[in-house]
Amino acid sequence: MPATAELPHLLAGLKAQGLLRRRRVLAGGQGAHVRVDGEDVLSFASNDYLGLANHPELVVAAQLAAGRHGVGAGASHLLTGHHALHHRLEEELAAFVGLPAALLFSTGYMANLGVLTALVGRDGVVFADRLNHASLVDAALLTRARHVRYPHLDLATLKQRLAESDAKVKLIATDAVFSMDGDIAPLPELLALAERYGAWLYVDDAHGFGVLGREGRGSLDHHYPAGLPESPSLVYMATLGKAAGVAGAFVAASRTVIEWLIHKARTYVYTTAMPPMLAAATSRALELIRAEGWRRERLMGLIARFKAGAAGLPWRLLPSDTPIQPLLVGDNATALELAEGLRARGILCPAIRPPTVPQGTARLRISLSAAHGETDVDRLLTALNELAAA
Ligand SMILES: *Cc1c(COP(=O)(O)O)cnc(C)c1O
């Protein structure tokens, strides 16, 4: 860690590289049109894919639960923090994704840290896609296991590395939908490799849950519409702060794995349970995700509209059928310029730069939502065309 006196110098260095981050201050609720830094903007910058984060029925569910049960959980799950609302939500989530049991965590980041360290120790190996989310990278480091990062979606290399390994405990970790690229991991092929080589398969579905699969059941349902094969080595994680619109995460797996995590996942054991009111809001979100298929239909329509309209732009749109539509720009300064050009036109869309993405692959990460309308997407396309012509 740098000494105190060095920090201003290091920050200046970040600035010179176009890597300085600035937080925008949001006023009011999340949505397609938000008030940011005192200005009204059209936003393509949230993960609220279904437009649920500010839904009045979720608000009422949270309010009712707060009225009855208070605001804070007051303790960890293993002391007195495990509320009936948490318990019910875990059962609903397990049934929804088609696995025997589920366990709530306060955030997806914590779920990844907790599960990987509970399943793999320093004599194991974690095999990880190179474009996995930062929380999976950190989780792998925290296990102190050997960390083998295979090239993005390169299953031949993964297979070779698995075959070479004589470690007793192996775990393959992958994003189900890659967070900065929007492409989809081939889960059935990964599960077959995991079973063949006696490895765990850990699937992070932060961006698929609520969006993919029948009724929004997520990536497992997307890949296995006829039903998930029984596989004791599959461990699934999804977050509840993106499409579900609330906060937190859950892990779903066999009853034995969940029982083990209750004992060994340190980010589960040593932290205060999420407020029960959030569990109540999430249960309501789950009902809306299932019942309101129009949200996914509308989102898919907007994705198709955007892709058709963006085909003529001078920047490469990465191949993605999910709400994450990355426009690859390359260098940091150009990505920033584009984001600023959009902002001057009242549109908020983040420039994603290293270290979030590899060097030389800075991009605009356009995130679509059922909260958007067709006119919103058209406004974005018009602005991008203007910037391309400038
Ligand atoms: C957002 C995200 C997480 C972290 O989830 P939080 O609940 O926000 O902590 C983990 N994995 C992926 C792929 C994500 O995109």
Side-chain angles (χ1 to χ4, degrees), residues 1-49 53 106-113 130-142 175 177-182 204 206-207 239 241-242 247 249 315 318 320 323-369 380 383-384 387:
M1 272 295 124
T4 325
E6 266 188 86
L7 293 183
H9 177 68
L10 294 175
L11 283 166
L14 289 178
K15 184 167 184 196
Q17 293 169 272
L19 291 178
L20 213 55
R21 309 288 172 114
R22 202 176 58 79
R23 298 176 304 164
R24 304 172 186 88
V25 181
L26 183 78
Q30 193 56 260
H33 298 265
V34 292
R35 195 161 177 81
V36 165
D37 291 341
E39 264 177 66
D40 294 318
V41 294
L42 169 59
S43 167
F44 292 93
S46 88
N47 300 310
D48 180 24
Y49 300 125
S106 296
T107 72
Y109 199 142
M110 290 171 71
N112 286 347
L113 296 185
R130 189 162 281 287
L131 294 190
N132 276 351
H133 189 261
S135 58
L136 281 175
V137 177
D138 294 356
L141 293 175
L142 199 57
D175 283 18
V177 174
F178 287 86
S179 59
M180 296 299 141
D181 295 71
D204 177 336
H207 300 278
T239 63
K242 289 172 179 157
W315 308 285
L318 296 182
S320 158
I324 302 165
Q325 292 291 321
L327 204 54
L328 192 66
V329 175
D331 71 287
N332 300 341
T334 314
L336 268 184
E337 251 172 55
L338 264 185
E340 279 159 18
L342 289 175
R343 184 61 196 271
R345 290 162 174 79
I347 296 173
L348 184 64
C349 181
I352 307 287
R353 290 155 283 163
T356 308
V357 293
Q359 284 294 339
T361 72
R363 65 198 67 181
L364 286 183
R365 180 181 184 269
I366 295 151
S367 175
L368 298 168
S369 164
L380 173 63
L384 286 169
L387 291 164

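Just so you know, residue 1 is the first one in the sequence shown, and it goes up from there.
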**Q** I'd like to know if the side chain of Arg353 reaches the main chain of Asp331, judged simply by a donor and an acceptor atom lying under 3.5 Å from each other, with no hydrogens or angles considered.
**A** no
**Q** Atom NE2 in His207, atom CG in Asp175: separation rounded to 0.5 Å?
**A** 7.0 Å
**Q** In Å, rounded to the nearest 0.5 Å, how long is the span from CG of Leu380 to CG of Leu368?
**A** 8.0 Å
**Q** Checking Val36 against Val25 for the side chain to side chain contact (heavy atoms under 4.5 Å, CB included) test, could you report, in this order, the C-alpha distance in whole Å, the side-chain angles of both residues, the deciding distance, and whether it holds?
**A** CA-CA 6 Å; Val36 165; Val25 181; over 6 Å; no
**Q** Is there a side-chain contact between Leu387 and Glu337 (heavy atoms, below 4.5 Å)?
**A** no
**Q** Could you tell me which non-hydrogen atom of Pro323 sits nearest to which non-hydrogen atom of Tyr49, and how far apart they are?
**A** CB-CD2, 3.5 Å
**Q** For the residue pair His33 and Asp40, establish whether any side-chain heavy-atom pair is separated by less than 4.5 Å.
**A** no
**Q** Please name the pair of heavy atoms, one in Ala111 and one in Ala249, separated by the smallest distance, quoted to 0.1 Å.
**A** CB-CB, 4.3 Å
**Q** So which atom in Cys349 and which in Leu364 form the shortest heavy-atom distance, rounded to 0.1 Å?
**A** O-CD2, 4.0 Å
**Q** Distance check, rounded to the nearest 0.5 Å: Ser320 atom OG versus Met180 atom CE?
**A** 12.5 Å
**Q** If you compare all heavy atoms of Ser179 against all heavy atoms of Arg365, which two are closest, and at what distance to 0.1 Å?
**A** O-NE, 2.8 Å
**Q** Does a donor on one side chain and an acceptor on the other come within less than 3.5 Å for Ser135 and Asp138?
**A** no
**Q** Test side chain to side chain contact (heavy atoms under 4.5 Å, CB included) on Ile347 and Phe44 and set out the steps.
**A** CA-CA 8 Å; Ile347 296 173; Phe44 292 93; 3.8 Å; yes
**Q** Just how far is it from atom CD1 of Ile366 to atom CG of Leu342, taken to the nearest 0.5 Å?
**A** 7.5 Å
**Q** How far does CD1 of Ile324 sit from CZ of Phe178, to the nearest 0.5 angstrom?
**A** 11.0 Å
**Q** Nearest heavy-atom pair of Ala335 and Val329: which atoms, and what distance?
**A** N-CG1, 3.6 Å
**Q** Less than 4.0 angstrom from a charged side-chain N to a carboxylate O is my criterion; do Asp37 and Arg23 meet it?
**A** no
**Q** Does a side-chain heavy-atom distance below 4.5 Å link Val34 with Val41?
**A** yes
**Q** What distance separates Lys15 NZ from Arg21 CZ, expressed to the nearest 0.5 Å?
**A** 15.5 Å
**Q** Would you check if there is a donor-acceptor pair between the side chains of Asn132 and Asp204 at a distance under 3.5 Å?
**A** no
**Q** Do the non-hydrogen side-chain atoms of Thr361 and Ile352 ever get within less than 4.5 Å of each other?
**A** no
**Q** What are the two closest non-hydrogen atoms of Gln30 and Ser46, and how far apart are they?
**A** OE1-CB, 3.7 Å
**Q** With side chain to side chain contact (heavy atoms under 4.5 Å, CB included) as the test, would you mind laying out the steps for Thr239 and Tyr109 before giving the verdict?
**A** CA-CA 9 Å; Thr239 63; Tyr109 199 142; over 6 Å; no
**Q** With side chain to side chain contact (heavy atoms under 4.5 Å, CB included) as the criterion, how do Glu39 and Arg343 come out once you've worked through the C-alpha distance, each side chain's angles and the decisive distance to 0.1 Å?
**A** CA-CA 10 Å; Glu39 264 177 66; Arg343 184 61 196 271; 3.8 Å; yes
